[in-house]
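Structure, as structure tokens:
Just so it is clear, the structure is predicted and the values come from calculations on it, not from any experiment. Numbering of ligands and ligand atoms starts at 1, following listing order.
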Amino acid sequence: MTAATVIDVQGVQHTYGDVQALRGVSLRVPRGSFFALLGPNGAGKSTLVSLMSTLLPLQTGTLEIAGLDVRRHAAAVRRRLGLVFQEPSLDERLTVLENLDFHGRIYGLGGRERQQRAEHVLGVVELGEWQNATARILSRGMKRRLEIARGVMHDPDLLILDEPTTGLDVQSRRAVWSYLGALRRQTGLSLLLTTHQIEEAEDADLVAIIDRGEVLAFGTPQQLREGLGGMVVTLRGVPDDLRAGVLEGVPDAVVEEVGDTLRLRVADPAPMLARLAPDLPRLSGLSVQAASLEDVFLSLTGRALREERVSVAAPHVSPTDGRGFR
Ligand SMILES: Nc1ncnc2c1ncn2[C@@H]1O[C@H](COP(=O)(O)OP(=O)(O)OP(=O)(O)O)[C@@H](O)[C@H]1O
């Protein structure tokens, strides 16, 4: 691996007893990237992150972080990583500054360096004025910002964020992403985000779609969308008598149905729209868009990432789709 690579995972498998959580994962992520690991619950994201952060011993394969082998250089790997976990992990009895200072001590930073770093990272997440406040009194969004500040306190190469915006309101989410963007610009920090939220992965430089312990796709969001091809036509308020006709006309379309809304991915929407033209006034809405990462996920796994929102009309799944449905 060259120093230009921040994550290098090759042939990694992991089992918990009889459960095979990872089935031969291979990924190479350039330094400075914002990399998103996108997958549903149980896909294997946390297992992979735990292996990267040396919290679990590597069973099979090789794994290097910033050029350091996790088996041979576990302590050095930990020094190069910052971690922000989904579950809150601050010491609520300590002040904002004390939380950072404690972390700095664990990582062996000297007194002056701790002070300088704390000042700097609190400035980035705009918590400078709160440095003497007890962590307990901070809002959820502020706590998350403090956890990010703590994650980069020791100036890591890679910040691992496990579902970092879960439970935050929209404004706090935006704030978190804005601070992470600032950190990246200032330091060239690499980010690894695990998420099941498509919107967050859309902004990444590189995305790996992971399901049932396997990486199903790896590339830029644009590459993944282009690889899928086609356009997505959304028809809202489809009357029952029109539904069958719509579906029969596009036997190769990948279809999702939510109530009276039909979402169809088709190679070329023009013939279908021409055929539907006389009935379009009967619909309550129509849109034609490029495929999204959600469509990529659906195509690769046969399931929507948000299962509760969408059902897939299996008979209209294209049998010729190379990636296939399971
Ligand atoms: N400690 C464990 N013991 C046994 N099985 C486990 C353990 N941890 C995870 N698993 C199993 O391994 C598989 C992958 O789990 P993992 O937590 O890595 O997935 P995930 O994508 O992070 O999901 P989530 O977002 O729900 O944490 C799942 O089938 C899970 O049930």
Side-chain angles (χ1 to χ4, degrees), residues 6-27 29 33-65 70-71 74 77-78 81-89 140 144 147-148 151 158-168 173 176-177 180 190-204 206-219 221 224 293-294 296-310 323 326:
V6 72
I7 299 172
D8 193 350
V9 180
Q10 298 300 325
V12 166
Q13 301 184 29
H14 195 88
T15 54
Y16 298 99
D18 292 341
V19 179
Q20 185 146 24
L22 296 176
R23 302 164 187 269
V25 169
S26 298
L27 296 164
V29 178
S33 305
F34 167 15
F35 169 50
L37 201 51
L38 179 67
N41 289 343
K45 305 183 297 295
S46 300
T47 302
L48 189 54
V49 163
S50 298
L51 293 170
M52 287 181 189
S53 46
T54 76
L55 297 174
L56 278 176
L58 191 61
Q59 295 172 345
T60 310
T62 61
L63 206 168
E64 294 183 351
I65 299 294
V70 293
R71 282 197 185 94
V77 165
R78 287 196 287 272
L81 291 179
L83 298 168
V84 178
F85 285 114
Q86 195 175 337
E87 298 301 321
S89 60
R140 215 165 169 163
R144 193 37 42 124
E147 284 170 331
I148 289 170
L158 174 66
L159 182 64
I160 297 181
L161 303 142
D162 189 14
E163 312 261 353
T165 58
T166 301
L168 297 188
R173 275 173 194 235
V176 162
W177 284 111
L180 289 169
S190 309
L191 294 184
L192 162 54
L193 167 75
T194 76
T195 186
H196 55 259
Q197 301 199 50
I198 301 270
E199 315 81 61
E200 293 193 328
E202 295 272 5
D203 291 332
L206 279 172
V207 177
I209 294 182
I210 180 168
D211 189 34
R212 298 180 177 130
E214 280 180 276
V215 173
L216 303 181
F218 179 52
L224 298 187
L293 277 186
E294 176 108 40
V296 176
F297 187 86
L298 179 70
S299 162
L300 291 170
T301 66
R303 308 192 312 280
L305 203 45
R306 301 181 189 103
E307 290 281 17
E308 69 280 14
R309 192 168 64 84
V310 171
R323 280 135 163 178
R326 285 186 240 137

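For Gly44, the closest heavy-atom approach to ligand 1 falls below 4.0 Å.
In this structure, atom 30 (C) of ligand 1 has its sub-4.0 angstrom surroundings free of protein heavy atoms.
Distance from atom 12 (O) of ligand 1 to its nearest protein heavy atom, with residue and atom name: Ala21 CB, 3.4 Å. Thr47 OG1, 3.7 Å is the protein heavy atom nearest to atom 16 (P) of ligand 1. Residue, atom and distance of the protein heavy atom nearest to atom 4 (C) of ligand 1 are Tyr16 CB, 3.3 Å.
Close contacts between ligand 1 and Lys45 involve ligand atoms 18 (O), 19 (O), 20 (P), 21 (O), 22 (O), 23 (O), 25 (O) [criterion: under 4.0 Å to a heavy atom].
At a heavy-atom cutoff of 4.0 Å, ligand 1 is contacted by the backbone of Pro40 but not by its side chain.
When every heavy atom of Gln59 is checked against every heavy atom of Thr15, the shortest pair comes out as OE1-N, 2.8 Å.
Distance CG/Leu193 to CG/Leu37: 8.5 Å, rounded to 0.5 Å. Between the CD atom in Glu163 and the OG1 atom in Thr195 there is a gap of 5.0 Å [rounded to 0.5 Å]. Distance CD1/Ile7 to CD1/Ile160: 6.5 Å, rounded to 0.5 Å. Taken to the nearest 0.5 Å, the CZ atom of Arg173 stands 4.0 Å off from the CD atom of Gln197.
When the options Gly213, Ser46, Gly39, Gly42 are ranked by their closest heavy atom to atom 13 (C) of ligand 1, first place goes to Gly42.
Of the options Val25, Leu48, Leu22, a side chain to side chain contact (heavy atoms under 4.5 Å, CB included) to Val215 is made by Val25 and by none of the others.
Enclosure of atom CZ in Arg23 by more than 12 non-hydrogen atoms of other residues, nucleotides or ligands within 6.0 angstrom is indicated.
For Ala43, a nitrogen or oxygen atom sits less than 3.5 Å from a nitrogen or oxygen atom of ligand 1, counting backbone and side chain alike.
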